[in-house]
Amino acid sequence: MEKKSPLPLNNAIANKKKEQLCSKESLVKILRWHFRYPDFRGMQLEAIQAVLSGRDCFCLMPTGGGKSMCYQIPALAKTGIVLVVCPLIALMENQVMALKEKGIAAEFLSSTKTADAKNKIHEDLDSGKPSIRLLYVTPELIATPGFMSKLKKIYSRGLLSLIAIDEAHCISSWGHDFRPSYRKLSTLRSHLPDVPILALTATAVPKVQKDVVDSLQMQNALMLKTSFNRPNIYYEVRYKDLLEDAYADLSDTLKSMGDVCVIIYCLERSMCDDLSAHLSQSGISCAAYHAGLNNKMRTSVLDDWISSKTKVVVATVAFGYVFPFNFCIFLQFMLALLVVDIYCILYLKML
Ligand SMILES: Nc1ncnc2c1ncn2[C@@H]1O[C@H](COP(=O)(O)OP(=O)(O)OP(=O)(O)O)[C@@H](O)[C@H]1O
């Protein structure tokens, strides 16, 4: 897709004062121009205005609440690059693809990229006038000295406008998703002072929130927390013991759902392969996705699912929690839990 021209007001905005840059009117215009949404949701505007004014911000919003917009709009409102730290390659690929489809210059750096593709991105970053507005990277890459010195160069040219840390709860050893590489993000503040930090998560108890803020050395951070009441979620638990055949039940449920995309999460890779084979046998267009597959295979499964060639993906958490569609159903299939033998059906309708 062709690169979309910036909102015509962008140049004028850049020359105006900070308050004008952060005005609701200017930001809504950017939202409508690039994303076609009429207005901001929840606390998006507060988060965006905070980081654009140079303030750190901690943002706790439910899954699907629109956290990405909190750094995507600043990337479009201000010159420079927004660095997005993201734990999952599938999630990065998905977001970058969606942004590119809108003509927004976004890229990601990961092991799945070819050397040629990586070189092109590095050339752009080194150019002194990068065209990239959003750069998605893994926390592991940030921890490498080579990449950190590149970031410092971009910073010294005044071209790093924001650091967004997605799934920020992974920083905390109190959290259930602790990831050691996230802990190393604590050096960002000392290497890149003055760049506002936006920490985003859908799950963080107060102890984890404090740990995230302290680890990242966030200063006077604006703490935004949205309600987790989600009327668009329907949850059902089915007990496998009460079913004659859980595979057949699941297969019938999927067939009755009509033309919707589905993710089924399983605890283990072998369960993904097994369930995917069962569902395929019963005529459901289905594929497995887990870390045991090579990069090419994973990308192909993701592409087929996004383009609706495959209806159902049976995945481990390696798939991430991605809901790129307006209507999406995801199921958790747990055939081998020790205590309870259940599977859950969770219907999620994006409003
Ligand atoms: N202001 C808005 N109006 C309407 N839709 C929006 C708005 N902001 C975001 N969305 C849409 O809501 C959906 C969910 O957004 P997003 O993926 O950013 O959620 P998230 O909070 O990052 O979820 P997760 O926790 O899964 O990462 C996307 O399709 C996005 O385009």
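Each ligand, and each atom within it, is numbered from 1 in the order the structure gives. Scope of the values below: all heavy atoms of this structure, side chains included, with no hydrogens, waters or symmetry mates.
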Between [Y] and [X], is there a side-chain donor-acceptor contact under 3.5 Å, judged purely by atom types and distance?
X: Y155; Y: D194; value: yes
X: S68; Y: Q95; value: yes
X: T201; Y: H169; value: yes
X: Q49; Y: K24; value: no

| Residues two or more places apart in sequence or in another chain: which of them pass side-chain hydrogen bond (donor to acceptor under 3.5 Å, both in side chains) with D39? |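 Applying side-chain hydrogen bond (donor to acceptor under 3.5 Å, both in side chains) to D39 gives none.
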For [X] and ligand 1, does the shortest N/O to N/O distance drop below 3.5 Å?
X: F40; answer: no
X: E167; answer: no
X: L31; answer: no

Could you list which atoms of ligand 1 come closer than 4.0 Å to a heavy atom of [X]?
X: M69; value: 8 (N), 9 (C)
X: P62; value: 21 (O)
X: S68; value: 16 (P), 17 (O), 18 (O), 22 (O)

Side chain, backbone, both or neither: which part of [X] comes within less than 4.0 Å of ligand 1 when only heavy atoms are counted?
X: L200; result: neither
X: Y37; result: side chain
X: M61; result: neither

| task | Compute the minimum heavy-atom distance from T201 to ligand 1 and say whether it is under 4.0 Å. | result |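 No, that is not the case, since the closest heavy atom of the residue is not under 4.0 Å from the ligand.
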| said: For P196, is there any backbone N or O sitting under 3.5 Å from a side-chain donor or acceptor partner on D56? | reply: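 Answer holds: no.
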| said: Per the salt bridge (Lys or Arg N to Asp or Glu O under 4.0 Å) rule, what does the pair list look like for residues 103-126, sequence neighbours excluded? | reply: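 Counting only pairs at least two positions apart or across chains, the salt bridge (Lys or Arg N to Asp or Glu O under 4.0 Å) contacts touching residues 103-126 are K100-E107, E107-K113, D126-K150.
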